[in-house]
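Below is one structure; the comments refer to it alone.
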There are 2 protein chains.
Amino acid sequence: MSGNRPATSMDVARAAGVSQATVSYVLNDRPGSRISEETRSRVRDAAERLGYVPHAGARTLRTGSSGVVLVAVPDIPQGPLATGLLEELDKELGGRGYTVVQYGARRTKGVAAAKAWAELRPTAVVADASRLTRAGIEVLRAAGVKAIIGMGHAPMDDVPSLLTDHEGVGALAVRHLVERGRDPVVAVVPREEGLREMGLARLRGARSAGVPVTAVDLAFDEAEAAAFVAGLKGGEGVFAYNDEYAMLLLAALHDAGLRVPGDVAVIGCDDLPLARLTRPRLSTVRPDLSAAPARMATLIDRLVRGTACGDVDVWTLQLIERDST
Amino acid sequence: MSGNRPATSMDVARAAGVSQATVSYVLNDRPGSRISEETRSRVRDAAERLGYVPHAGARTLRTGSSGVVLVAVPDIPQGPLATGLLEELDKELGGRGYTVVQYGARRTKGVAAAKAWAELRPTAVVADASRLTRAGIEVLRAAGVKAIIGMGHAPMDDVPSLLTDHEGVGALAVRHLVERGRDPVVAVVPREEGLREMGLARLRGARSAGVPVTAVDLAFDEAEAAAFVAGLKGGEGVFAYNDEYAMLLLAALHDAGLRVPGDVAVIGCDDLPLARLTRPRLSTVRPDLSAAPARMATLIDRLVRGTACGDVDVWTLQLIERDST
DNA sequence: TTGTATGCGTTATCAC
DNA sequence: GTGATAACGCATACAA
């Protein structure tokens with residue numbers, strides 16, 4: 001049973017006593033062609049009996065389009081936010097006949113990455129902007145990719161993008177702290193590769209709020225956090241980059257015997273489910289992803305069908321502030 | 001530039017002034033065929049200049065093998081554990097020439113899922129055991145999938161599997177609590193679909209440890225956790241199913257004014273990075289995934305090349321206990 | 001209403 | 001050493 005080669009539409013045709021073309025007509029429900037109901041069921045029965053599954057590669061070759069939406073997963077660890085976005089996007093696109101595929105935990109970018117993706121001849125590519133370069137985009141375009149969507153920080157010419165306003169995150173967080181009377185404001189910039197860039201953008205935003213902001217380089221490490229906390233004098237407001245760093249700082253503050261928010265206030269970003277469990281509760285800023293999957297799916301569909309409006313779609317996520325109370 | 005159709009090996013051949021077969025030989029470094037170094041570089045130059053990228057579908061069609069390892073991502077939210085496993089697996093398999101692709105946040109299983117996967121004619125499939133059924137496996141085998149690996153709880157006949165010993169987790173956790181003199185032992189069983197089954201397995205293991213264990217159904221919800229905690233009398237040891245539930249309970253215990261570990265002891269599972277930040281620190285049980293990626297990659301490679309040893313490989317992850325101290 | 005024939009891009013066999 | 005040529009599985013224009 002398992003030594004046999006996979007059944008082809010030709011096998012189905014033979015089993016049903018029809019031509020291979022008829023099989024294709026029936027299985028694809030080709031509109032316009034009238035095939036007797038009796039033939040149809042004979043074909044369907046045969047296909048079912050033989051366990052026939054169409055060969056995506058062959059279909060792609062013939063039709064010139066794979067229907068694959070390749071999502072290049074970002075290097076940075078996937079939180080529940082990204083996971084949820086992907087799940088919704090998958091649902092939306094699946095409903096429209098696309099096949100969503102996640103590609104590559106491997107850390108490649110630019111042309112090398114684009115070539116690897118292009119081999120699959122995806123119809124669309126959704127990629128973290130950090131993995132896209134101009135040359136890479138050319139490779140994708142040349143390979144027939146109809147829609148390229150960037151996700152991340154900076155917009156790229158010609159590439160519709162879903163952006164997180166990291167400056168806005170920083171600004172909003174600092175405003176939150178200032179409004180509550182915190183005076184020396186400190187912003188954490190993570191030292192990890194991949195996070196650092198976003199940390200600097202958030203820092204820029206933090207500094208745009210009109211109060212002096214001290215930057216602090218920090219690795220995700222308890223010892224480093226302890227050292228940082230030891231230098232605090234009390235009264236500070238700390239923007240911790242995100243909820244994970246905020247939790248790291250809360251632990252260090254606890255160990256140092258500092259009260260939160262009495263001695264030090266902390267605000268994070270992302271509104272992680274686990275971060276809601278800290279005591280005291282954490283304030284946080286969250287990019288609102290609720291409308292993103294539907295919008296992305298619609299955009300992709302439009303670009304693929306060539307019905308997109310002329311200008312490049314750049315969409316910045318709304319930011320939502322969540323107070324600890 | 002972008003209106004053109006993707007370059008084919010034929011285009012490269014014309015540009016280089018050679019036959020199309022020569023292009024294939026050069027680009028695939030076919031051993032045995034001697035082609036002049038000058039021709040080779042002419043071909044490579046032309047390919048580079050045209051931005052030629054081979055068409056995976058066409059190659060699959062011709063060679064009968066895609067080299068794709070399809071990983072069907074599980075429904076349950078991906079933690080850092082699973083993410084890390086995947087990243088390593090990707091590295092291992094990428095080095096051996098495979099293309100790792102994650103498929104489907106969509107919640108399908110059994111034959112429906114298998115048919116969707118089979119369309120891509122993957123060379124191997126790695127899937128959460130909960131999404132595999134006997135019939136689904138037949139579909140995959142019939143589609144020419146050479147290696148099928150299950151991940152999860154129960155082993156399946158004929159399917160090599162990477163198993164987590166959930167009974168073992170429960171037993172180890174309860175032993176930890178008992179050794180520290182906790183008398184009434186309580187085990188949390190999560191109410192969420194997809195987690196519940198594993199929770200029950202861990203409960204079985206907890207009960208095998210020789211002491212009475214009370215089961216508690218719990219949704220991941222602060223109000224429910226508060227209600228549960230309100231019923232505790234003090235002295236209990238709680239196995240919280242995993243670190244996330246453990247953190248939920250720690251928050252509820254804090255709110256109720258109960259001391260940990262003074263009044264109640266809590267142990268989780270997974271050794272999440274964020275769970276290391278709780279105060280007091282959490283004890284936890286962690287399945288050791290360090291050797292899993294390399295082993296899985298080797299197994300897949302063997303199965304694909306037909307050099308696997310006769311019997312089905314079932315591998316249960318080691319469990320590691322981490323004390324709060 | 002159904003069957004025949006063609007080509008999509010590759011690899012691989014065989015003459016040259 | 002290199003170049004025609006066939007075949008992989010499918011969709012579709014066209015003939016019957």
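Both backbone and side-chain heavy atoms feed into the values below; hydrogens, waters and symmetry mates do not. Keep in mind that what you see is a predicted model, and the values were worked out from it rather than measured. Numbers restart at 1 for each chain; the letters A, B, ... are given by sequence-line order, proteins then strands.
Counting non-hydrogen atoms under 4.0 angstrom, B:Pro6 reaches nothing in the nucleic acid. Counting non-hydrogen atoms under 4.0 angstrom, A:Ser24 reaches a base of the nucleic acid. Within 4.0 Å (heavy atoms only), A:Val23 reaches no atom of the nucleic acid at all. When heavy atoms are screened at a 4.0 angstrom cut-off, B:Val53 is found touching the sugar-phosphate backbone but no base atom.
Applying the 4.0 Å criterion to OP1 and OP2 of C:dT11, one finds that B:Arg59 has a side-chain N or O inside that range. For A:Tyr25, no side-chain nitrogen or oxygen approaches OP1 or OP2 of C:dT4 to under 4.0 Å. Dashed line: the shortest gap from a side-chain N or O of B:Thr60 to OP1 or OP2 of C:dT10 is not under 4.0 Å. For A:Thr8, no side-chain nitrogen or oxygen approaches OP1 or OP2 of D:dG9 to under 4.0 Å. Remark: B:Thr22 is in phosphate contact with D:dG3, judged by side-chain N or O atoms under 4.0 Å from OP1 or OP2. Dashed line: the shortest gap from a side-chain N or O of B:Ser9 to OP1 or OP2 of C:dG9 is not under 4.0 Å.
Following rounding to the nearest Å, B:Arg42 (CZ) and D:dG1 (C1') show an atom-to-atom distance of 13 Å. Note: CG (A:Asp11) to P (D:dC8) measures 11 Å, nearest angstrom. Distance B:Asp29 CG to D:dG1 P: 16 Å, rounded to the nearest Å. For the pair A:Glu37 CD and C:dT2 P, the computed distance is 11 Å after rounding to whole Å. Rounded to a whole Å, the CG atom of A:Asn28 is 16 Å from the C1' atom of C:dT2. Separating the OH atom of B:Tyr52 from the P atom of C:dG9 is a distance of 10 Å, rounded to the nearest angstrom. Rounding to whole angstrom units, CZ of residue B:Arg62 and C1' of C:dG7 are separated by 16 Å. Between the NE2 atom of B:His55 and the P atom of D:dG9 there is a distance of 16 Å, rounded to whole Å.
Counted within 6.0 Å of CD on B:Glu119, heavy atoms from surrounding residues, nucleotides or ligands total more than 12; the atom is thus considered enclosed. Heavy-atom contacts from other residues, nucleotides or ligands closer than 6.0 Å to CZ of B:Arg302 number 12 or fewer.
The pair B:Arg131-B:Asp128 fails the salt-bridge criterion, with no side-chain N (NZ, NE, NH1 or NH2) lying under 4.0 Å from an Asp/Glu carboxylate O. Comment: B:Arg40 does not engage B:Asp45 in a salt bridge, judged by the lack of any side-chain N to carboxylate O separation of less than 4.0 angstrom. Comment: A:Arg96 engages A:Glu92 in a salt bridge, judged by a side-chain N to carboxylate O separation of less than 4.0 angstrom.
Judged by closest nucleotide on DNA chain C, B:Leu61 is the one of B:Ala21 and B:Leu61 placed further toward the 5' end. Annotation: of the two residues near DNA chain D, B:Ala58 and B:Thr39, the 5′-most nearest-nucleotide partner is B:Thr39.
For A:Gln20 against D:dA11, a side-chain N or O and a base N or O form a donor-acceptor pair under 3.5 Å.
Considering only heavy atoms from C-beta on, A:Val139 stays 4.5 Å or farther from A:Trp117 through its side chain.
Across C:dG9, D:dT2, C:dT10, the shortest atom-to-atom separation from the side chain of B:Arg5 is found for C:dG9.
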